[in-house]
Visitor: 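One structure, as structure tokens, below. Some questions next.
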Amino acid sequence: MYPEFYFMRFYTFLMCILSLNLMPFRLKAESLSPKPYGPTPSAKQLISENEELYAFMHFGVNTFTDKEWGEGSENESIFNPTDFNAYQMVQAFKDGGFKGVILTCKHHDGFCLWPSAYTEHSVKNSPWRSGRGDVVREVSDACHRLGMRFGIYLSPWDRNHAFYGKPEYLTYYKNQLRELLTQYGPIFEVWLDGANGGMGYYGGAKEKRVVDATSYYQWPDAWVSIIRELQPDCIIHSDFGPDNRWGGNEEGTQALTSWATIKNKNLTFNTKESKRNKTGERPGDLWVPAESDVSIRHGWFYHESEDSTVKSATKLFSLYCQSVGRGSNLLLNVPPDKRGQLAAKDVASLKAFKALKDATFATNLINDANITASNTRSNDSLFSAQHLKAESGNTYWSTDDSVTEANVVFEWAEPVTYNLINIQEYIPLGQRVDAYQIEHWINNAWVLDTQAQAIGHRAIFKGSTVTTTKVRLTIKHSAACVAISHFGLYLQKD
Ligand code: FUL
């Protein structure tokens, strides 16, 4: 026999002993965990919800014509940023805590920010970089080098294209989708805008063309299948989803109760049902959380006259609380100026927003609290309410299967002061809680801070400043036993 043989036998024996030792723990965690309730997020939806913050960049001929919607007749020569710098922009988003950037590769005016092989109406006929520039390339490269994700907006409505409204345009659109999905590395989100039809240049026809978005666009067969085929990890955004839905306004806020789920009925591209968009539906059949878009300025494109409208860090933090803090992503648009950079004021606001957010969430007061739960699943520390302190990860407080009403009391030896409450559900197991409240103890009685319905990925409540020695979280009703991953009390100083 060879020495290697003895070594391999010993190694195999050792591995068996080790895995036998670990197995009971793994089996225990799996066998004791609650069963998922209702629809649950896919792996890419989970990543997207955890990332929370994305940047939108509206850039194109409108930047130079000072318009919001270009007509499609703009001469390519108008596009000429004087000092384009993708790194300046992507770095500013990164410094602001954003995880990805979605670029308007083509807005309604039809001008393409990349040298598409299918049209002359693009950067290749502009004076910028002598016609050899590619904004999509530079922004996607900067994203990938700086550890940010890159996404695309490709407007279905094209006011330049001669065939818009006819079958030929659909081939053009699909070809462009393929170009963008195959030549610029991983794409984390495709943002399909619902704005459609109207007056336009249309190759010189200069007329009104109205389409029925549901029957005209080959949705979902064409677009969705192309995106799924070429970028399976990509989130598809449209008015209804399928991966996240438009939140129902362009103000960056979400309804107080916004479920991550919707019903699987009457869903077509451009399904704008304001209630469904704003609040989601419960019980739902599909996991389609909201995404809330808003611009840091009054308009989506850069206009010097709007320099005074740049939102402050406090305003951005308040939007974060009203979007991410209501189970949605926040998609914040910051438009490049005529140089092809973000203006200093916008950059400063992004940085200050991150500083304010970090300072607010720096100290969770429950870390020093004595924590008592009315029920702990199987009385097992795996599901203890102590896990509520953890900011992220795979731990959560859970109750026995039969227990759908429960509470946790947090108690301090010395009074604590807070004005912001943050609660998160363990969403890999679905959205379970239907009603809950948070109270504090004052003058020997419980006083209500807030009562609400949906938790989901995150629920944030900014209220008046409270000083107390006891706080109670009560789950009044849950569709299945609870699975809460985080609870936090913070003091936001403006
Ligand atoms: C809308 C568009 O019409 C706006 O110009 C902007 O792109 C916004 C994000 O979506 O539907």
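Order of listing sets the numbers, starting from 1, for every ligand and every atom in it. Atom set for the values below is all heavy atoms of this structure, side chains included, hydrogens, waters and symmetry mates excluded.
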Visitor: In chain order, what residues pass the side chain to side chain contact (heavy atoms under 4.5 Å, CB included) check against Ala290, with sequence neighbours excluded?
Guide: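 Result, side chain to side chain contact (heavy atoms under 4.5 Å, CB included) vs Ala290: Arg245, Gln254, Ser258, Ser328.
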
Visitor: Ring centroids only, cut at 6.0 angstrom: are Phe150 and Tyr184 within range, meaning strictly under it?
Guide: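 Between Phe150 and Tyr184, the centre distance exceeds or equals 6.0 Å.
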
Visitor: Could Arg129 and Glu138 be called an ion pair, given the rule that one side-chain N must be under 4.0 Å from one carboxylate O?
Guide: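 Result for this pair is yes, salt bridge flagged.
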
Visitor: List, pair by pair, the atoms of ligand 1 and of the protein that are both N or O and lie under 3.5 Å apart, giving the separation rounded to 0.1 Å.
Guide:
from	atom 1	to	atom 2	distance (Å)
ligand 1	3 (O)	Trp69	NE1	3.1
ligand 1	3 (O)	His108	NE2	2.9
ligand 1	5 (O)	Trp69	NE1	3.1
ligand 1	5 (O)	His107	NE2	3.0
ligand 1	7 (O)	His58	NE2	2.7
ligand 1	7 (O)	His107	NE2	2.9
ligand 1	7 (O)	Tyr153	OH	3.3
ligand 1	10 (O)	Asp193	OD2	2.9
ligand 1	10 (O)	Glu250	OE2	3.3
ligand 1	11 (O)	Asp193	OD1	2.7
ligand 1	11 (O)	Asp193	OD2	3.0

Visitor: Going by an N to O cut-off under 4.0 Å, is there a salt bridge joining Arg178 and Glu229?
Guide: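 Glu229 and Arg178: salt-bridged.
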
Visitor: Determine, for Arg282 against Asp434, whether the closest basic-nitrogen to carboxylate-oxygen distance falls under 4.0 angstrom.
Guide: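 Looking at Arg282 and Asp434, the cut-off is met.
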
Visitor: Quick test of your reading of the model: are Lys345 and Asp307 salt-bridged, counting only N-O distances below 4.0 Å?
Guide: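 Judged by the 4.0 Å cut-off on N to carboxylate O distance, Lys345 and Asp307 do not form a salt bridge.
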
